[in-house]
Amino acid sequence: MLIWDVDGVLLRTFDHDGGFIWSKTIKDDLGLPRAVVEDIFHGAWKDALLGRAKEERLVGNIFARHGLSLDPSDFLNYWLAKDFTPQEDLLPLLSSQPSCIATNQTPLRANKIKAFFADKVCRVFTSCDMGVMKPDPAYFVHIERELALPASSLTLIDDTIDNIDAAQKRGWETHAYTTPKSLRLFLQNA
């Protein structure tokens, strides 16, 4: 079974320098400095990724620390709308064989991903629901148990080397995603 990552694979998320594509216009659109965006997605954000904290509270705390009066929900709505650009050329591959999604996500974004991909995959595994994040080995063990499949029958398609390494250590097949072309070649030869 194919297990797909979302950010950087099924969604266009990062620019060539590893920055968030969606954040390029945030200063003009919301008046939010890039340093604040970086602050949001580091440190305490992990609590939201693990399902232990609400995104709005975390963002509100960061805005308060920076002395900003912007409503956290304005930022979250902006982020959810802008940070969702599907790789249209990959979507048909989801139905080529049984597929699941495995992604590190906060609850708000996990819900959007589940809704969009519901008819395209068998299941969506998210860190906020599981309480564990890739590349922790427990993440992969959880998926194996939930699917009742041996590690050797699972193939992770991910763009993060640490995740690839962790899956391989569990006995999963892997593909380090770089381009749609290399992925298609991998799937043809799998």
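This chain uses plain numbering: 1 for the first residue, then up along the sequence. In what follows, every heavy atom counts, from backbone to side chain, and hydrogens, waters and symmetry copies are set aside.
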(message) To the nearest 0.5 Å, what is the distance between CG on Asn104 and CG on Asn163?
(response) 6.5 Å
(request) Give a yes or no on whether Phe125 and Phe116 share a hydrophobic cluster (residues Ile, Leu, Val, Met, Phe, Trp, Tyr; joining criterion: side-chain heavy atoms under 4.5 Å apart). (result) no
(request) Kindly indicate whether the side chain of Leu80, heavy atoms from C-beta on, has any atom under 4.5 Å from the side chain of Leu108. (result) yes
(message) Between Phe20 and Phe41, is the ring pair (Phe, Tyr, Trp, His ring centres under 6.0 Å) condition met? List the steps.
(response) CA-CA 10 Å; Phe20 298 121; Phe41 292 105; 5.2 Å; yes
(message) Let me check something: do Ile113 and Ile3 share a hydrophobic cluster, defined by ILVMFWY side-chain heavy atoms less than 4.5 Å apart, either directly or through other members?
(response) no
(request) Determine the minimum heavy-atom distance between Gln168 and Thr174, stating which atoms define it. (result) NE2-OG1, 2.7 Å
(request) Report yes if some heavy atom in the side chain of Val6 is under 4.5 Å from a heavy atom in the side chain of Ile101; otherwise report no. (result) yes
(request) Could you give me the CA-CA distance, side-chain angles and deciding distance for Ile157 and Leu183, then say whether side chain to side chain contact (heavy atoms under 4.5 Å, CB included) is met? (result) CA-CA 8 Å; Ile157 299 167; Leu183 175 58; 3.8 Å; yes
(message) Closer than 3.5 angstrom, by distance alone: can the side chain of Ser99 be matched with the main-chain N or O of Leu94 as a donor-acceptor pair?
(response) yes
(message) For the CG atom of Leu30 and the NZ atom of Lys27, what is their distance to the nearest 0.5 Å?
(response) 11.0 Å
(message) Just checking Lys54: does its NZ atom have more than 12 heavy atoms from other residues, nucleotides or ligands closer to it than 6.0 angstrom?
(response) no
(request) Determine, for Arg109 against Asp7, whether the closest basic-nitrogen to carboxylate-oxygen distance falls under 4.0 angstrom. (result) yes
(message) Using only atom types and a distance under 3.5 Å, with no angle test, would you say the side chain of Ser23 pairs donor to acceptor with the backbone of Ile26?
(response) no
(request) Please lay out, stage by stage, how Thr13 and Asp83 fare under the test side chain to side chain contact (heavy atoms under 4.5 Å, CB included). (result) CA-CA 7 Å; Thr13 307; Asp83 193 17; 3.8 Å; yes
(request) Evaluate whether atom NZ of Lys169 has more than 12 neighbouring non-hydrogen atoms of other residues, nucleotides or ligands under 6.0 angstrom away. (result) no
(request) Report the distance from atom NE2 of His42 to atom CD of Glu38, rounding to the nearest 0.5 Å. (result) 5.5 Å
(message) Does either side chain, that of Thr126 or that of Gln105, offer a donor lying less than 3.5 Å from an acceptor on the other one?
(response) no
(request) Determine whether Leu76 and Glu56 make a side-chain contact, defined as any pair of heavy atoms from C-beta on separated by less than 4.5 Å. (result) yes
(message) Working to the nearest 0.5 angstrom, can you tell me the gap between Arg184 CZ and Asn189 CG?
(response) 14.0 Å
(message) Do the side chains of Asp129 and Lys114 get close enough for a salt bridge, i.e. N-O under 4.0 angstrom?
(response) yes
(request) State plainly whether one hydrophobic cluster holds both Leu149 and Val121, where clusters connect Ile, Leu, Val, Met, Phe, Trp and Tyr through side-chain heavy atoms under 4.5 angstrom apart. (result) no
(request) Answer yes or no: is there an ion pair linking Arg123 with Glu146, defined by an N-O contact shorter than 4.0 Å? (result) yes
(request) State, with a plain yes or no, whether a side-chain heavy atom of Val37 is found less than 4.5 Å away from one of Trp22. (result) yes
(message) Within the 4.5 Å heavy-atom criterion, are Leu147 and Cys100 side-chain neighbours or not?
(response) yes
(request) Compare every heavy atom of Leu10 with every heavy atom of Leu90, then report the nearest pair and how far apart it is. (result) CB-CD2, 4.3 Å
(request) Output yes when a side-chain donor or acceptor of Tyr139 lies under 3.5 Å from a complementary backbone atom of Thr103, and no otherwise. (result) yes
(message) Let's go through Glu173 and Leu154 carefully: what are the C-alpha distance in whole Å and the side-chain angles of both, what is the deciding distance for side chain to side chain contact (heavy atoms under 4.5 Å, CB included) to 0.1 Å, and is it a yes or a no?
(response) CA-CA 6 Å; Glu173 187 73 30; Leu154 302 173; over 6 Å; no
(message) Against Lys134, only a single residue in Asp162, Asp5, Thr160 fulfils side chain to side chain donor-acceptor pair (under 3.5 Å); can you say which?
(response) Asp5
Please set out all donor-acceptor pairs under 3.5 angstrom arising from side-chain atoms of residues 58-75, sequence neighbours excluded.
unit_1: Asn61; atom_1: ND2; unit_2: Arg57; atom_2: O; d: 3.4
unit_1: Arg65; atom_1: NH2; unit_2: Asp39; atom_2: OD1; d: 3.2
unit_1: Arg65; atom_1: NH2; unit_2: Asp39; atom_2: OD2; d: 2.9
unit_1: His66; atom_1: NE2; unit_2: Asp39; atom_2: OD2; d: 2.7
unit_1: Asp71; atom_1: OD1; unit_2: Ser73; atom_2: N; d: 2.8
unit_1: Asp71; atom_1: OD1; unit_2: Ser73; atom_2: OG; d: 2.8

(request) Give, for atom OG1 of Thr106 and atom NZ of Lys46, the distance between the pair rounded to the nearest 0.5 Å. (result) 15.0 Å
(message) When you compare the side chain of Ile40 with that of Trp79, does any pair of heavy atoms fall below 4.5 Å?
(response) no
(message) Any heavy-atom pair between the side chains of Ser127 and Leu49 that's under 4.5 Å?
(response) yes
(request) Please check if Phe14 and Ile164 belong to a single hydrophobic cluster, counting links between Ile, Leu, Val, Met, Phe, Trp and Tyr side chain heavy atoms closer than 4.5 Å. (result) no
(message) Using every non-hydrogen atom in the two residues, find where Arg12 and Pro86 come nearest and quote the distance to one decimal.
(response) NH1-O, 3.3 Å
(message) Determine whether Lys112 and Phe117 satisfy the following criterion, side chain to side chain contact (heavy atoms under 4.5 Å, CB included), listing intermediate values before the conclusion.
(response) CA-CA 9 Å; Lys112 185 167 185 170; Phe117 289 102; over 6 Å; no
(message) Under the rule for ring-ring contact (aromatic ring centres under 6.0 Å, His included), what residues qualify as partners of Trp172, not counting sequence neighbours?
(response) Phe140
(message) Let me check something: do Met1 and Val9 share a hydrophobic cluster, defined by ILVMFWY side-chain heavy atoms less than 4.5 Å apart, either directly or through other members?
(response) no
(request) Kindly indicate whether the side chain of Arg170, heavy atoms from C-beta on, has any atom under 4.5 Å from the side chain of Val141. (result) yes
(request) Check Tyr78 against Asp29 and note the closest heavy-atom contact, atom names and distance. (result) OH-OD2, 2.7 Å
(request) Return the set of residues passing ring-ring contact (aromatic ring centres under 6.0 Å, His included) with His175 (not counting sequence neighbours), or none when no residue passes. (result) Phe186
(request) Establish, yes or no, whether the cationic atom of Lys82 lies under 6.0 Å from the six-membered ring centre of Phe84 and within 45° of the ring axis. (result) no
(request) Search all heavy atoms of Ala167 against all heavy atoms of Leu156 and return the closest pair with its distance. (result) CB-CD2, 3.7 Å
(message) Can you give me the closest heavy-atom contact between Cys128 and Ala48, atom names plus distance?
(response) CB-O, 3.8 Å
